[in-house]
Number of protein chains: 2
Amino acid sequence: MRITIQDVAREAGVSVATVDRVLNRRPGVRPATVQRVEAAADKLAYQPDRLAARLARARDYRFCFILPKGTNTFMQNLQAEVEAAAQRLSVERVRISVHQVDVFDAQALADELESLGDSYDGVAVVALDHPLVREALNGLVEAGVKVVTLVSDAPGSKRAHYVGIDNTAAGRTAAMLLGRFVGPRSPEKGPGKVGLIAGSLALRDHVERQFGFEQIMAREFPHLEVLPVREGRDDYEKVEAVTRALLAETPDMVGIYNVGAGNRGIVRALEAAGRQRDIVFIAHDLTPFTRKQLVRGTIDAVINQDPGHEARSAARVLLSACEGFDFVADQERIRIDVFLRDNIP
Amino acid sequence: MRITIQDVAREAGVSVATVDRVLNRRPGVRPATVQRVEAAADKLAYQPDRLAARLARARDYRFCFILPKGTNTFMQNLQAEVEAAAQRLSVERVRISVHQVDVFDAQALADELESLGDSYDGVAVVALDHPLVREALNGLVEAGVKVVTLVSDAPGSKRAHYVGIDNTAAGRTAAMLLGRFVGPRSPEKGPGKVGLIAGSLALRDHVERQFGFEQIMAREFPHLEVLPVREGRDDYEKVEAVTRALLAETPDMVGIYNVGAGNRGIVRALEAAGRQRDIVFIAHDLTPFTRKQLVRGTIDAVINQDPGHEARSAARVLLSACEGFDFVADQERIRIDVFLRDNIP
DNA sequence: CTGAAAGCGCTTACAG
DNA sequence: CTGAAAGCGCTTACAG
């Protein structure tokens, strides 16, 4: 019933060791033998048993997760989820270690990546879209290390896979929600103003969200005017200052979209101005804080990416790459979650 | 480094066979021995290796999925996803078969469940909330079969787990979207009317969605009036007739929520009346059809549950139950997806 | 009630 | 370049 490596060996007239060599592309087999084994495997429709393979391996798989250090709640959650996955996989022959680097420092990230050499079978990294980083990633890939980017991609690089959401689409979704929640506006009032706050315009995901947002606002909601983006550095005190200024300057503000972190600052500024009810506020990332404000009604919708899903997905994708299996594309697609008050998990 | 059953055996002064018996609660071990083995396992913080266990088992795990027969696109997708999961798991010592029964016939479903006896280790079933079904489910559970309900729950029963969304919360979410998308209404116009269509009020999920929807509409959007629910039997021709009637009777209709299937009928009726632009339409379940209407703008939002996730989750939960492991709660939580035009996968 | 031994389907040195 | 044998951490008859 089950076709094993034994059956293939018999069919090909070789030993199981040779079949193993061929199937796992290990060197030192005569081309003619490779042919015969491959033909036999094809003929029998052999499917390797990855459980048995993992069990038999002498070495564990070693993965490294490189995450930005000391930052916002989302990244802390992500790290916690990576550690939880590490804990679970430790019984399944996968060892995961977590390294931390400064997010904004491309050089430091590149150095860290290069220092890894080939001491890991797989690396998952919250990347930066920067030539130095791309180079470092490509270096790892060429050294035979499996590489995935996590949450933030480095598009030009040779990484095998990006585990994260489409941030442009996330920005478009935010715009759609904001525009529709604000609703139509009687023409005599003139265009309503919409505030846009980002952490840093050096972060690719922030820029992409902004781009998607402005695209849809312009196309679908011409009666709303998006104000020039302000940077809040993902720091809530800075974000609060920026928002206070925005509110003071803009009596006819009808909506705010915060592309990055620091939502606490916006809530404070809105409450100080007593405008938390009449301004539509779209934020990113479900945290205890945003959840609470969603329930209270100050935040109207949260766009989310599930850090638990991302952590598990990165590990699964790396494992599949190491074992030479395809991953289940559907299962590894990270959703752009939309949370309103009633569908938060 | 890795603690194995060997280590536990040595520590307890017994053989590995005895450790296996104790750890897997197999009968025929003296209580005193059980104590000793358990103490040893605790002391060493032994964690069994589920890969090795699966490999060593003589028998495969046998799971049965019971799905409603010949119904809507969602159920067809669900079946396809179950089959895809079955295909993948077949290499991992899990055999999944799919049975089909008539959804609306509690007796038939109960009979089917009872006929299963103990020929399966696990059963996943799209349930009906009916005493006969509950009894049959409890019978299976008592016979030692692991049981999960899928998509539609049977709350009073002893099933181990429900794989699906909270339908009341889904209805509340639909209401929130509809109410906010419609927006405020000048008082002189009087309350706007909202049409509510369900497949059948005998289906628990439909009733729950309706309940959640009406709850939020009443509480949050008093300027909107929800019309009495109409049944469309999840059949698009019937749904079209119902919608046409609704539209004819209700010139001031501002929104429609379809709790069940048959969205095609609503789109046709809206287009026939030329009102697809000014009526907010919230539907369930992403299909090629709803996706297209979302892009065209006739459907304003789709509330979704991911059939791929549900199929895989049911299989994983059953497998964990059979192997005596906890599942990862977070991973098995089925999301209430909200899809707008820009975040569809 | 308990244990010794074989075996699940692979991978890994070690020989040749 | 290829094969025989041991071993991964369990479970399973079979003996006793």
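Worth knowing before you read on, the calculation uses all heavy atoms, side chains too, and leaves out hydrogens, waters and symmetry mates. Proteins get letters first, then strands, A, B, ... in listed order; numbering begins at 1 in each.
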Problem set entry | A:Arg54 side, atom CZ; A:Arg93 side, atom CZ - distance, nearest 0.5 Å | 8.5 Å
Exercise. Does anything in residues 22-34 of chain B reach DNA chain D, meaning a heavy atom under 4.0 Å, and if so which residues?
Worked result: B:Asn24, B:Arg26
Exercise. Would you say C:dC10 has OP1 or OP2 under 4.0 Å from some side-chain N or O of A:Arg50?
Worked result: no
Exercise. Taking the side chain from B:Ser313 and the backbone from B:Glu310, do they hold a donor-acceptor pair closer than 3.5 Å?
Worked result: no
For this session: Hey, could you give me the NE2/CG distance between A:His161 and A:Asp153, rounded to the nearest 0.5 Å?
Result: 9.5 Å
Exercise. With no hydrogens and no angle check, is any side-chain donor or acceptor of B:Ser157 less than 3.5 Å from a backbone partner on B:Asn138?
Worked result: no
Exercise. Would a distance-only check, ignoring hydrogens and angles, find a side-chain to backbone donor-acceptor pair under 3.5 Å from A:Arg159 to A:Val147?
Worked result: no
Exercise. Quick one: is D:dG3 close enough that its OP1 or OP2 comes under 4.0 Å of any side-chain N or O from A:Ser15?
Worked result: yes
Problem set entry | Side-chain N,O (A:Arg2) to OP1/OP2 (C:dG9) below 4.0 Å | yes
Problem set entry | Where DNA chain C forms stems, i.e. three or more consecutive Watson-Crick or G-U pairs with both distances under 3.5 Å | C:1-3 with D:14-16, C:5-12 with D:5-12, C:14-16 with D:1-3
For this session: Please determine if a side-chain N or O atom of A:Thr18 lies less than 4.0 Å away from the OP1 or OP2 oxygen of D:dT2.
Result: no
Problem set entry | Per B:Arg21 side chain, nearest of listed nucleotides D:dC10, D:dC14, C:dG9 | D:dC14
Exercise. CZ of A:Arg54 versus P of D:dC10: gap in Å, rounded?
Worked result: 15 Å
For this session: Among the candidates D:dA4, D:dC10, C:dG3, find the nucleotide nearest to the side-chain atoms of B:Asp49.
Result: D:dC10
For this session: Could you tell me whether a side-chain N or O of A:Arg316 sits under 3.5 Å from a main-chain N or O of A:Phe327, the two making a donor and an acceptor?
Result: no
For this session: Answer yes or no: is there a donor N or O on one side and an acceptor on the other, between the side chain of B:Asn304 and the main chain of B:Asp337, under 3.5 Å?
Result: no
For this session: May I have the step-by-step check of salt bridge (Lys or Arg N to Asp or Glu O under 4.0 Å) for B:Asp121 and B:Arg59, ending in yes or no?
Result: CA-CA 11 Å; B:Asp121 302 296; B:Arg59 281 182 351 95; 3.0 Å; yes
